Colleague: 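Would you mind keeping the following structure in view while I ask a few things?
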2 protein chains.
Amino acid sequence: MDRASYHSVIVSVSLAGKGVSIYCSVSALNLSGLTKLPVLISPSLEEARRELVIGLEARRLLVMVASCTVEYSGRTGSHLGEGERLVIVKGDGCILVHRGRDYQPVNWQPSGCIIQAQASNGTLVLKAVRPSPLESLTLVVKDVQFLGTFLLQDDAEFVLHASEEEMQRAIILQPDVIEQGFKILDFEKKVPPGFVDVYGVDTEGNTVVIEIKKDPAGFPVIKQLLEYLKYLQAPPGKKLRPMIVAPSIAKGAQPALAKSGIEFKQLTLQKAVAILQKYARSDQQALKSWL
Amino acid sequence: MDRASYHSVIVSVSLAGKGVSIYCSVSALNLSGLTKLPVLISPSLEEARRELVIGLEARRLLVMVASCTVEYSGRTGSHLGEGERLVIVKGDGCILVHRGRDYQPVNWQPSGCIIQAQASNGTLVLKAVRPSPLESLTLVVKDVQFLGTFLLQDDAEFVLHASEEEMQRAIILQPDVIEQGFKILDFEKKVPPGFVDVYGVDTEGNTVVIEIKKDPAGFPVIKQLLEYLKYLQAPPGKKLRPMIVAPSIAKGAQPALAKSGIEFKQLTLQKAVAILQKYARSDQQALKSWL
DNA sequence: GCCTAGGTCCCGTTG
DNA sequence: CAACGGGGCCTAGGC
């Protein structure tokens, strides 16, 4: 089959490995873009291997439905007996093996792998080796139901309203959200055990140490904050005010909070986003008035 | 197209929404199983919607390559502009939106969602709503390159050599791996802050408190173990011997380990698996001699 | 390379 | 229902 014949071949369909193919003249149809869609249905293993090699070489997205076994060996090991799975190989060298249920892949390899397809003893073997940490994923494919190779045109930006970061940005943009007159001195301030999310002073000159959580604040965050306090001190005659900023307090954590002298300031992600939007608007207005 | 005509239709291919279809008589071919493979190539949005509804109803695996935008709203929110993506919907009601790169989906919804496909204003809208926590994922599909619905036959068992658990089992099966004469009293022993992995006595009658890590042991595990110790005591005249069992010690953690009086016993996952296999073999032999 | 922290983490178990 | 820990977690950022 000639991959370069843009106007005569749309879909190559080989049935049950018997070399039966369906060709369709497309000269009369508006099918620009379709020629980049090789789709094999029930190809022979050798046909599938050829297509995989071409797709891997071109770093296309490979989508395969096949019966296979899967072995993983590396940080630990795993074995999965034969069954039909959805196998995805992406252009950046990652691979996902999905079963018919569950959000997570049953086996996978993150991006940066060396992936190859080889014939072996009447089966098709797909190997994905990750150099560091050294680990390898091996699929022994017995039968391919479907194999498609795609080129995804996708330049869109992904925007996530990312919880903790947005809460931090909201506090930085509008420190009043913590309390009237609160001033920020630093954020992501390094202390030996980690980083203080926000660090500032109140109107009395006391040092405020803020730990932000997007989820209900529980014991771990209290411990974390107390740990940080060991390495911080207030100016002479002033106090250290440890404070947790979160949407709520976890169920059993209230007593520990009171006992440890940590303050709690409620801030929901929603409110944080609202603040950011307000500033984005005023930024826009500032920009407008500038022009 | 008649889905029930097992012997006359294999693949329905509709091109660019123009209703062009390719049919192939399969009466002469051995194609059992192929009829369960409806595959649409560049269908119209309405054709795709029909197929999606049928596939969702039948709880099949849906694999779609389409140009779409994606909105997520729930625990946080996200926006993704138009672009071509691989969309997977599984029978248990989870959905994955993958871009051409990266291991992880750009958007998703875990299993247990209510998923529906509807026509809307010349577009196809795919919605996945998760009841708790309440969150929703919305795909506005502008163009479908490919849509396949599959039924994956897969009853195989997945076996993972699961790090910490296997290390614990190895110690329980063969306590000598810790030291000669070590005897186990309990495991997963409850103390207020959590669970002690393994709890036992040495030949001198001292209490040994073991925390297992599959990764290099760092500061957090030292703290955790010291926390547990507060709630444990040795018999009169005996010592408490806190011990970390792990493949190695994290770089900076050695001094803290020495200072805190915690012992370290090296155990790699590999060795643990070897022990388990030895016992599996002896189990088999015991079974054989029994028969 | 190691280590730290966050994630729409997901996922199981337990209270 | 919430909370807790583990994961082949993955991923990004620092050192």
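Letters A, B, ... mirror the listed sequences (proteins, then strands); counts begin at 1. Computed from heavy atoms alone, side chains included, the values below leave out hydrogens, waters and symmetry copies. Quick caveat: nothing in here was measured; it's all calculated off a predicted structure.
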Colleague: Where the side chain of B:Lys251 is concerned, which of D:dC10, D:dC1, C:dC3 is the nearest nucleotide?
Modeller: C:dC3

Colleague: Give me the atom names and distance for the closest heavy-atom approach of B:Val141 to B:Cys68.
Modeller: CA-CB, 3.9 Å

Colleague: CD of A:Glu227 versus C1' of C:dT4: gap in Å, rounded?
Modeller: 14 Å

Colleague: Answer with yes or no whether the side chains of B:Glu211 and B:Tyr228 bring together a donor and an acceptor at under 3.5 Å.
Modeller: no

Colleague: Between A:Asp102 and B:Lys90, is the salt bridge (Lys or Arg N to Asp or Glu O under 4.0 Å) condition met? List the steps.
Modeller: CA-CA 7 Å; A:Asp102 302 332; B:Lys90 294 198 190 185; over 6 Å; no

Colleague: For a quick test of reading the model: is some side-chain N or O of A:Arg75 closer than 4.0 Å to OP1 or OP2 of D:dC10?
Modeller: yes

Colleague: C:dG7 P sits how many Å from B:Tyr103 OH, rounded?
Modeller: 18 Å

Colleague: Taking OP1 and OP2 of C:dC11, is either one under 4.0 Å from a side-chain nitrogen or oxygen of A:Arg101?
Modeller: no

Colleague: Angle between ring planes, B:His98 versus A:His98, binned at 30° and 60°: parallel, tilted or perpendicular?
Modeller: perpendicular

Colleague: Salt bridge check: are A:Glu84 and A:Arg99 linked by an N-O gap of less than 4.0 Å?
Modeller: no

Colleague: Under 4.0 Å, counting only non-hydrogen atoms across every strand here, what does A:Pro110 touch: a base, just sugar-phosphate, or nothing?
Modeller: base

Colleague: Whole angstrom is fine here: how far is it from CD in B:Glu71 over to P in C:dT8?
Modeller: 15 Å

Colleague: Relative to the 5' end of DNA chain C, which residue comes earlier, B:Gly77 or B:Ser111, by the nucleotide with the nearest heavy atom?
Modeller: B:Gly77

Colleague: Using the P atoms only, state how far C:dT8 lies from C:dT4, rounded to an integer number of Å.
Modeller: 22 Å

Colleague: Atom CG of A:Asp102 to atom C1' of C:dC9: distance rounded to whole Å?
Modeller: 16 Å

Colleague: Could you state the NZ-P distance from B:Lys189 to C:dT14, rounded to the nearest angstrom?
Modeller: 18 Å

Colleague: Using the closest heavy atom to pick a nucleotide of DNA chain D for each, name whichever of A:Ser78 or A:Phe219 lands nearer the 5' end.
Modeller: A:Phe219

Colleague: Round to the nearest Å and state the distance from A:Arg130 atom CZ to D:dG8 atom P.
Modeller: 13 Å

Colleague: Are side-chain N/O atoms of B:Gln174 and B:Lys278 paired as donor and acceptor at under 3.5 Å?
Modeller: yes

Colleague: Under 3.5 Å, which protein N or O atoms sit close to an N or O of nucleotides 5-7 of chain D? Give each pair with its distance.
Modeller:
from	atom 1	to	atom 2	distance (Å)
D:dG6	OP1	B:Glu164	OE1	3.4
D:dG7	OP1	B:Ser163	OG	3.0

Colleague: Counting heavy atoms from C-beta on, name the nucleotide in D:dG8, D:dA3, C:dC11 closest to the side chain of A:Gln104.
Modeller: C:dC11

Colleague: Taking atom C1' in both C:dG6 and D:dG7, compute the distance separating them and give it to the nearest angstrom.
Modeller: 15 Å

Colleague: Rounding to an integer number of Å, can you tell me how far B:Leu96 CG sits from D:dC10 P?
Modeller: 16 Å

Colleague: Between the side chains of B:Lys214 and B:Glu164, is the shortest nitrogen-to-carboxylate-oxygen separation below 4.0 Å, so that they form an ion pair?
Modeller: no

Colleague: We want to know whether A:Ser67 and A:Glu82 form a side-chain donor-acceptor pair, criterion being a heavy-atom distance below 3.5 angstrom.
Modeller: yes

Colleague: Expressed in whole Å, how much space separates the P atoms belonging to D:dG8 and D:dC4?
Modeller: 23 Å

Colleague: Taking CD from A:Glu135 and P from D:dC9, how many angstroms apart are they, rounded to a whole number?
Modeller: 8 Å

Colleague: Does D:dG8 have a Watson-Crick or wobble mate here (both distances under 3.5 Å), and if so which one?
Modeller: none

Colleague: Starting at the 5' end of DNA chain C and moving along, which residue's nearest nucleotide shows up first, B:Tyr72 or A:Ser132?
Modeller: A:Ser132

